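Just so you know, these numbers come straight off a predicted model, no measurement behind them. Residue numbering restarts at 1 for every chain, and letters A, B, ... go by the order of the sequence lines. Keep in mind that the numbers below use all heavy atoms, side chains included, and drop hydrogens, waters and symmetry copies.
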Protein chains: 2
Amino acid sequence: MNNPEQFLRAHIEKVISLTDEEAAFIISHFQLKTFRKGQFIIEVGNDVNEVYFVLSGLVKLVYEDQDAKQHIVSFAMEDWWETDFQAFYTQNKAQLTLECIEDTLAYGLSFDNFEKLFSDSRKMERFFLRKSIAGHIGSQTRILSFLTSNARERYEQLLSKNPSLLQRVPKSSLASYLGVSRETLSRLF
Amino acid sequence: MNNPEQFLRAHIEKVISLTDEEAAFIISHFQLKTFRKGQFIIEVGNDVNEVYFVLSGLVKLVYEDQDAKQHIVSFAMEDWWETDFQAFYTQNKAQLTLECIEDTLAYGLSFDNFEKLFSDSRKMERFFLRKSIAGHIGSQTRILSFLTSNARERYEQLLSKNPSLLQRVPKSSLASYLGVSRETLSRLF
DNA sequence: TTTAAATAGTGATATTTGTCACGGCATCAA
DNA sequence: TTGATGCCGTGACAAATATCACTATTTAAA
């Protein structure tokens, strides 16, 4: 990642335009962080003080059930926001794990700064509203894929939306994201 | 519904508090509408000019696939917001159907008034942000239920969250919401 | 009232998917 | 290099779910 500040600004300006001053003010609320492959950014039972904007790398958001079986709620790569939103917004303990699949560079935005940001910046409040709406629509699309499609179709949809995942993520993880066993996924093609 | 204005105001004030003037201003953007059981509020291919706040009754948001098979994206009853959000926010044609399961009374909020509302009211922008976040978290919970649970467990989760659905909705529709055939659902108990 | 449509249950069977077990590679660290 | 670990495929079988066909009952409309 050559220029994190420019990258974040460009990301925000896809939604709303900013003056240089506004951009600098906004970016001052973020903290640049690096994580190594395999590192846990969020762990179950801990506080979730930050939402992350991924600059480079790849992370997975995971739920572990009573049988210690892991289910991938989502992947997040460059240009994506991620955290345990339930825990972050309600300021409860994490029920999800956020783990790096690759070395990852991200901006962290603390809950306090998150609140400050949209108290102080009408534009950022608008920005987060749009992002949140987009997230909601995206989730609904994923729900529809469970309702309408079998494992093979869901796999094809995932790869056509996100071809790079095939190179970057083990197939067992793709299976976990799709809600299918790794053996079944392996036999689909 | 005895007093729609009071009902809507109380709903909003669960998130942010309002003065009488603010409440009146906000409510002036909404239009009261009645629909009959079986009536289509949104139809595929049409414009989606409004988001609806349900005061009484029950509606279902449906996707129809290539085989003319219907899949229920969500139900909305009293105190819920509903529309084809994808179409509404992006101002494209509807890909979903919104149909009344019961006679329904709802406030309609036009796209123009929606935009005006949160240009003019910081509080409503905050309100919609919170609602949108809650919707996103809710969708993620539903995705997790597909990842972690079989048909019987999903059915139990749905009923424990929403017991009244069992009385108000045919089981074939519950099956459609759960992503399971009506025959399988019928055999689960 | 009479009829048509919607809803619900169930048997028989096919299809999809999960589970367990095993082996082959590749990767990575001691 | 060697051994451990993760990743991937696959056979054999079990479990979950879908599909088709039929019936009974309820609901709603003519």
Inset, instruction - Take atom CZ of B:R152 and atom P of C:dG18, then tell me their distance rounded to the nearest Å. - result: 18 Å

Inset, instruction - Sequence neighbours left out, what passes side-chain contact (heavy atoms from CB on, under 4.5 Å) with A:Q39? Give chain and number order. - result: A:F35, A:R36

Legend entry - Expected output: side-chain B:E153 to main-chain B:N150 donor-acceptor under 3.5 Å: yes

Inset, instruction - Would you confirm whether the ring centroid of B:F127 sits within less than 6.0 angstrom of the ring centroid of B:H11? - result: yes

Legend entry - Passing option when A:E102 is tested against A:K60, A:R168, A:K37 for salt bridge (Lys or Arg N to Asp or Glu O under 4.0 Å): A:R168

Inset, instruction - List in chain and number order the residues that pass side chain to side chain donor-acceptor pair (under 3.5 Å) with B:E64, two or more places apart in sequence or in another chain; answer none if no residue qualifies. - result: B:Q70

Legend entry - NZ (A:K33) with more than 12 external heavy atoms under 6.0 Å: yes

Inset, instruction - Using salt bridge (Lys or Arg N to Asp or Glu O under 4.0 Å) as the criterion, list what pairs up with A:R152, not counting sequence neighbours. - result: none

Legend entry - Along DNA chain D, first and last positions that approach a heavy atom of chain B under 4.0 Å: D:dT17 to D:dA28

Legend entry - Pairing residues for B:N162 by the side chain to side chain donor-acceptor pair (under 3.5 Å) criterion, not counting sequence neighbours: none

Inset, instruction - Pick out which of B:V48, B:L109, B:L61, B:N49 makes a side chain to side chain contact (heavy atoms under 4.5 Å, CB included) with B:T83. - result: B:V48

Inset, instruction - Return the orientation label for the A:F53 and A:F7 ring planes: parallel under 30°, perpendicular over 60°, tilted otherwise. - result: tilted

Inset, instruction - Kindly check if the number of other-residue, nucleotide or ligand heavy atoms within 6.0 Å of CD (A:Q6) is above 12? - result: no

Inset, instruction - Using distance alone, with no hydrogens and no angle criterion, decide if A:S110 and A:Q31 have a side-chain donor and acceptor under 3.5 Å apart. - result: no

Inset, instruction - Give, ordered by number, those residues of residues 181-189 of chain A having at least one heavy-atom distance below 4.0 Å to an atom of DNA chain D; if nothing qualifies, reply none. - result: A:R182, A:E183, A:S186, A:R187

Inset, instruction - Following the transitive rule for hydrophobic clusters with a side-chain heavy-atom cut-off under 4.5 Å over Ile, Leu, Val, Met, Phe, Trp and Tyr, establish whether B:Y52 and A:I137 coincide in one cluster. - result: yes

Inset, instruction - Note down the inter-axis angle between the two ends of the helix from C:dT1-D:dA30 to C:dA30-D:dT1, five pairs each, to the nearest 10°. - result: 50°

Legend entry - Contact residues, residues 164-173 of chain B to DNA chain D [heavy atom, < 4.0 Å]: none

Legend entry - Output field: ring centroids B:Y177/B:F75 closer than 6.0 Å: yes

Inset, instruction - Identify whether any heavy atom of B:G38 sits under 4.0 Å from a base atom; if not, whether one sits that close to sugar-phosphate; answer base, sugar-phosphate or nothing. - result: nothing

Inset, instruction - Assess the side chains of B:S132 and A:S132: does a donor N or O sit below 3.5 Å from an acceptor N or O? - result: yes

Would you list the protein and nucleotides 27-30 of chain C atom pairs, both N or O, that sit under 3.5 Å from each other?
none

Legend entry - Test item: A:R9 side-chain N/O and A:L18 main-chain N/O as donor-acceptor pair under 3.5 Å: yes

Legend entry - Results of side chain to side chain donor-acceptor pair (under 3.5 Å) for A:R182 - residues two or more places apart only: none

Inset, instruction - Rounded to the nearest angstrom, tell me the gap between atom CD in B:E99 and atom P in C:dA6. - result: 11 Å

Can you give me every donor-acceptor pair (side chain of residues 84-95 of chain B, partner residue at least two apart or in another chain, under 3.5 Å) with its distance?
{"residue": "B:D84", "atom": "OD1", "partner": "B:Q86", "partner atom": "N", "Å": "3.3"}
{"residue": "B:D84", "atom": "OD1", "partner": "B:A87", "partner atom": "N", "Å": "3.1"}
{"residue": "B:D84", "atom": "OD2", "partner": "B:Q95", "partner atom": "N", "Å": "3.0"}
{"residue": "B:D84", "atom": "OD2", "partner": "B:L96", "partner atom": "N", "Å": "3.1"}
{"residue": "B:T90", "atom": "OG1", "partner": "B:Q86", "partner atom": "O", "Å": "2.5"}
{"residue": "B:T90", "atom": "OG1", "partner": "B:N92", "partner atom": "ND2", "Å": "2.9"}
{"residue": "B:Q91", "atom": "NE2", "partner": "B:F88", "partner atom": "O", "Å": "2.9"}
{"residue": "B:K93", "atom": "NZ", "partner": "B:D47", "partner atom": "OD1", "Å": "3.0"}
{"residue": "B:K93", "atom": "NZ", "partner": "B:D47", "partner atom": "OD2", "Å": "3.4"}

Legend entry - Residues within residues 65-77 of chain A bordering DNA chain D, heavy-atom distance below 4.0 Å: none

